[in-house]
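In what follows, every heavy atom counts, from backbone to side chain, and hydrogens, waters and symmetry copies are set aside. Predicted model, so just to flag it, every value in this text is computed and none were measured.
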Amino acid sequence: MKGKTGVMNKRLLLAKNSILMLVMLVVIFLAVFAWYYTNKKVEAGDISISAADPDEVEIAFTQFGADSGAIGNYVTNGGVSTWTAGAWGTTANFSGPFKFSNDVTSDGLTFLIPKFISTEDNDSAKADARKNGKIVNVNDVPVHGDDLKTNLNLTAADIENGVNADYVSIPFYLRSRSKDLYIKPSAYLAMKAEVDSADITGTNAARKSAYGNFTSDVLVAAMRVSITGGPVTRIENNVPTQYSEPGESPENESSFTWLPRPDLFLNIPDGYTEDDWSLVRNVKSDTPLSRLEGSTYVEDYTGETFKHNYYQLRYEDPTDPNSVVNGVSLVEDSDEDPTAYKSDVDETVSVGSYSVPTLGEGQKITDFETLSSHAEALSDGYYYYKFYLNIWIEGTDSEARRAMDTGEFKLEMKFGNSPD
């Protein structure tokens, strides 16, 4: 009898351990496929903006990103950077590392992190989460506005406590003899592995992902870039004191939102094996892409990498953007109603030993739709604008996954008075 009890206890212990292991596997599995995740370590090797020759455009920024600080520039001599108020130049380089703590979602102007539906005791939700990541609760109030962190509002205490920015926002100024400003078609976003002519796929891939034989730099596939801002209408003692609308700063309009790397697709195979994902490169809008769901059904992803889907705030009164926020709505991109510029995969630039797609067509950033007063030349003959360069990881993008932890990138943009 005692022997039978011992056997039963062992069986019970094994059963408990098996259940515990199963629970742990489910938790790990869902964590891998979260819609957003913490402790993402993404470092920018180089973010460079410059003025295209021979256009009459100059660049400056505010000291250490101070939102209302003096216009000026940093002059580097012998490795030492000296701040010079009022100085203008033709280039501005912003060194990292820029670390993102969450995927966010944005139309390029308004940024937010939605709330999610609990999968606890919900088998249907669990199955959906395994396939698509966390399920957005469209009726819950998202994290938005001042509750989101950028590199501009991180405090010393935040940094000391390991808090990272939800997205990067870099303020800078442009001035020009012409009121028309464009982003040149040569703009591109590259993987650091491309810049270094390193291996992108294979077991020797640079910063190889733990989830497949490819570089974690492929995170660029889920990155988005926007330019927000507006005209400056008065400058006193090198400090902008008035913008296009009295009492307003110029970041109240998004003039450019860009999906820079639609040529990359992260393929998650049948069963979602954690270490056997693969990277598809040189994707075009008609390249056949699919993912197996179960053993019989094939889900078509053709063209999906060229779409910019995002969530936007939903208001209590749909006609009043100042009413109470009561949830979010999904905006789905389409060929008929595109929401962002896509890089032209047929127009490329050589980066290292690779070809990287470029914007392909110059885009005007001074066509402001809602600002009642457009830029006017000041007494020195220049038109002045303050812009923000925003960079984020789009949570609705299927490439926004844990596989790209530690990814690095290079962003290059040129500004001029003409689209070519």
*Lys NZ or Arg CZ of R175 over Y384 ring: under 6.0 Å, within 45°*: no

*Could you tell me which non-hydrogen atom of I59 sits nearest to which non-hydrogen atom of A51, and how far apart they are?*
CD1-N, 3.6 Å

_Does atom CG (D286) have a neighbourhood of more than 12 heavy atoms from anything else shown, all under 6.0 Å?_
yes

*Do the ring centers of F415 and F172 come within less than 6.0 Å of each other?*
yes

*Hey, are N390 and S226 close enough side-chain-wise for a donor-acceptor pair under 3.5 Å?*
yes

*asked:* Taking the basic N atoms (NZ, or NE/NH1/NH2) and the acidic carboxylate oxygens, is any pair closer than 4.0 Å for E394 and K307?
replied: no

*Supply the atom-to-atom distance D166 CG to L148 CG, rounded to the nearest 0.5 angstrom.*
5.0 Å

*Indicate whether any N or O donor in one side chain lies under 3.5 Å from an N or O acceptor in the other, for T215 and D199.*
no

*Which heavy atom in A60 sits nearest to a heavy atom in I71, and how many Å separate them?*
CB-CG2, 3.7 Å

*asked:* Given the ring of Y382, does R177 sit roughly above its face, with NZ or CZ under 6.0 Å from the centre of the six-membered ring and within 45° of the axis?
replied: yes

_Once you measure the plane-to-plane angle for Y173 and W88, does it fall in the parallel (<30°), tilted (30-60°) or perpendicular (>60°) bin?_
perpendicular

Ignoring hydrogens and angles, write down the donor-acceptor pairs under 3.5 Å from the side chains of residues 318-330, residues two or more places apart or on other chains.
from : atom 1 : to   : atom 2 : distance (Å)
T319 : OG1    : D317 : OD1    : 2.7
T319 : OG1    : D317 : OD2    : 3.3
D320 : OD1    : N322 : N      : 3.0
S323 : OG     : D317 : N      : 3.1
S323 : OG     : D317 : O      : 3.3
S323 : OG     : D320 : O      : 2.8
N326 : OD1    : R314 : NE     : 3.4

*asked:* Between E236 and R234, does any NZ, NE, NH1 or NH2 come within less than 4.0 Å of an OD or OE carboxylate oxygen?
replied: yes

*Kindly compute the distance separating CG (L219) from CG (L266), expressed to the nearest 0.5 Å.*
10.5 Å

*Is the closest basic N to carboxylate O distance between K284 and D346 below 4.0 Å?*
yes

_Check D55 with K184, please: is the shortest side-chain N to carboxylate O separation under 4.0 Å?_
yes

*Which atom pair, heavy atoms only, marks the closest approach of A206 to A193?*
CB-CB, 4.1 Å

*Ionic contact status for K149 with D158, cut-off 4.0 Å*: yes

_Shortest non-hydrogen separation from P419 to P185 and the atoms involved_ = O-CD, 3.2 Å

*Output yes when K410 and E412 qualify as a salt bridge under the 4.0 Å nitrogen-oxygen rule, no when they do not.*
yes

*Are T84 and N73 close enough that a side-chain donor and a side-chain acceptor fall under 3.5 Å?*
no

*Does the gap between the ring centers of Y341 and F256 come in under 6.0 Å?*
yes

